[in-house]
Amino acid sequence: KGDDTRHHKALSPAPSHLYSFCSCNVQIVLTQYSYYYQTLEVEKPSMPTAAVHQFATDEGQRQLDKMLANELNQMSIQQREKVYEEIHGVNSISEESPSLLNEGLFRLDQALQRIYPKPAYDQAFRQNASYCLNPKLRLAFLRAEYFDASRAAVRMVKFFEGKLEYFGPDALARDLRLNEDMDEDDRKCLQAGHLQILPARDRAGRAVFCDFQATFPKCYKQARNMVKCSIYLMLCAAEDEENQKLGIVGMLYHVGKQQNKPDPDLMAQGPATLQWLPIRFNSIHICVSHAMSSILARLLLIGAGQEIRARSRVHYGGHLECQYSLMTFGVPVNVFPISAEGELKLSDFHKWIKKRIKKDAVAREQGNSGKPAVFSGIDLPSSRDVLMGKGKPFQIHPGNVALRYLCEKRLEEYKATRKGDKSELASDVVAMCGRFLKRESDGWWTEVSHETAKDKVIKAFLAIRAIERTSGSPGVSPMLLSVPAPAALDLAERDSKRARMCCGSDGSESI
């Protein structure tokens, strides 16, 4: 009933954990509500079902709302603003100075030396010291713990312990490879698509990790298969530096008729992995459509800790209602893999799997030749990147919108510049934007040359100038007005801190 909170305080989770509650709590939940799992019939409500539904929609909601309100009131104004920004997808990347990175790496190294014993880490160090000392890997753990070196060191040691437990010694000191480190049952479980990373970022530029297990029939033989798939997907997301800085969005999607009963083994093993993976969840969305899932959602939030509760939202309704609700939080529902009728779409996810297999082949080839693994392909372009291509998906990408806005601002300067100096002006604009990317035939994005990027900028100037001549007015071009109103408004009114996302670090040009 929640009267005694001593256990919750004693087992208080780290802020970055989504499922930071102990396995004994899970067992208690399953025991207390096993009767409802056996008797609940969504299509033919009975008295127990009605009672559960009443609790889920009325008293349970009031209790949870009261708890959230009290916790938010205890936060400072700055903390509440940060939480709201992260939930609604309007937060920006924190600046990381070279001194911050160097000091963080130095402190992490010292913290690791103080931890003893750490057999899995030492074994990995003996196998491949360069992997353990890789600054990119270590920075991922620091960012997951907001540069708290002591916590990052503990997370890193647990990472090697978990990796050894689930994938064995062969994969301990290198990146995971799909066909080598996942057995046949693991791969079938992954290909079922019950766990996916959306093929587009949310409004804040974060990757979205989705869990559809409860909505569709069971796809694994053992809980271990699903846990390994979850680890693999989140490690793939952790490879992206922007995901490390911004964190990722988690989504539990329990909409429609519940196909699976909760698996105690999975509920005990899965949450534990989030304590050592080099990635953090900054926003959580739980979509439910019936009473039992609603109760479980609240139990998850009650056990998850204050930081996660503040960043979590529960959405009620069918597929269409939940997706409309997610849209208001910046989740890209246009690439959502579930239709309004509840069908799971797998085409994009299977393409993503093929992309990963190609990357693994390149890494294997480089590893056999003794060269360090280097792969230039980019999975998800960031919000700063400018995409090469035609059509509305490219036009409304935030990086392309920012490029057009910069060209709008400097159009008069472009007109006054001599022909020989226009290339230098284009170089300045390129420096203010992120990477200029083109999509290869295999689905990976690659960075184009500086000359190609300058050509893209020159064409943007020419297109805006042609529109100005046609319309006869020097105002904002129809190209900019073609994007959704919120995006154009953000560009026009964003303060200097947000401007640095699309401009140089010195903020010489703001938007």
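These values consider heavy atoms only, across backbone and side chains, with no hydrogens, waters or symmetry-generated copies.
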Chemist: Should the pair D175-K359 be classified as a salt bridge under the 4.0 Å nitrogen-to-oxygen rule?
Modeler: no

Chemist: Mind checking what makes side-chain hydrogen bond (donor to acceptor under 3.5 Å, both in side chains) contact with D186, not counting sequence neighbours?
Modeler: N225, K228

Chemist: Do K245 and E241 sit within salt-bridge range, that is, some charged N less than 4.0 Å from a carboxylate O?
Modeler: yes

Chemist: Does H285 reach the main-chain N or O of Y253 with its side chain, forming a donor-acceptor pair under 3.5 Å?
Modeler: no

Chemist: Among residues at least two apart in sequence or on other chains, which ones pass side-chain contact (heavy atoms from CB on, under 4.5 Å) with V154?
Modeler: I115, K158

Chemist: If I take atom NZ from residue K221 and atom CG from residue D183, how far apart are they, to the nearest 0.5 angstrom?
Modeler: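 Going from NZ on K221 over to CG on D183, the span is 9.0 Å.
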
Chemist: Can you list the steps and then say if D385 with R201 is a salt bridge (charged side-chain N to carboxylate O under 4.0 Å, His left out)?
Modeler: CA-CA 12 Å; D385 295 333; R201 298 180 183 271; over 6 Å; no

Chemist: Do other residues, nucleotides or ligands put more than 12 heavy atoms under 6.0 Å from the NZ atom of K355?
Modeler: yes

Chemist: CG of D211 to SG of C229: how many Å apart, nearest 0.5 Å?
Modeler: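 Answer for the CG-SG pair, D211 versus C229, is 11.5 Å.
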
Chemist: Could you state the interatomic distance from CG (L178) to SG (C236), rounded to the nearest 0.5 Å?
Modeler: 8.0 Å

Chemist: Hey, what do you get for CD (Q244) to CG (L139), rounding to the nearest 0.5 Å?
Modeler: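 Interatomic distance, Q244 CD to L139 CG, rounded to 0.5 Å: 7.5 Å.
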
Chemist: With rounding to the nearest 0.5 angstrom, report the CD1 to OH distance, I231 to Y166.
Modeler: 5.5 Å

Chemist: May I ask you to establish whether R439 and F394 are in a cation-pi arrangement, using a distance under 6.0 Å from NZ or CZ to the six-membered ring centre and at most 45° from the ring axis?
Modeler: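 No, R439 and F394 do not form such a contact.
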
Chemist: Should E242 and R384 count as an ion pair when the cut-off is N to O under 4.0 Å?
Modeler: no

Chemist: Are side-chain N/O atoms of N179 and R177 paired as donor and acceptor at under 3.5 Å?
Modeler: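 Note: N179 and R177 side chains miss the donor-acceptor criterion.
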
Chemist: Have R151 and Y146 got a donor and an acceptor in their side chains that come within less than 3.5 Å?
Modeler: no

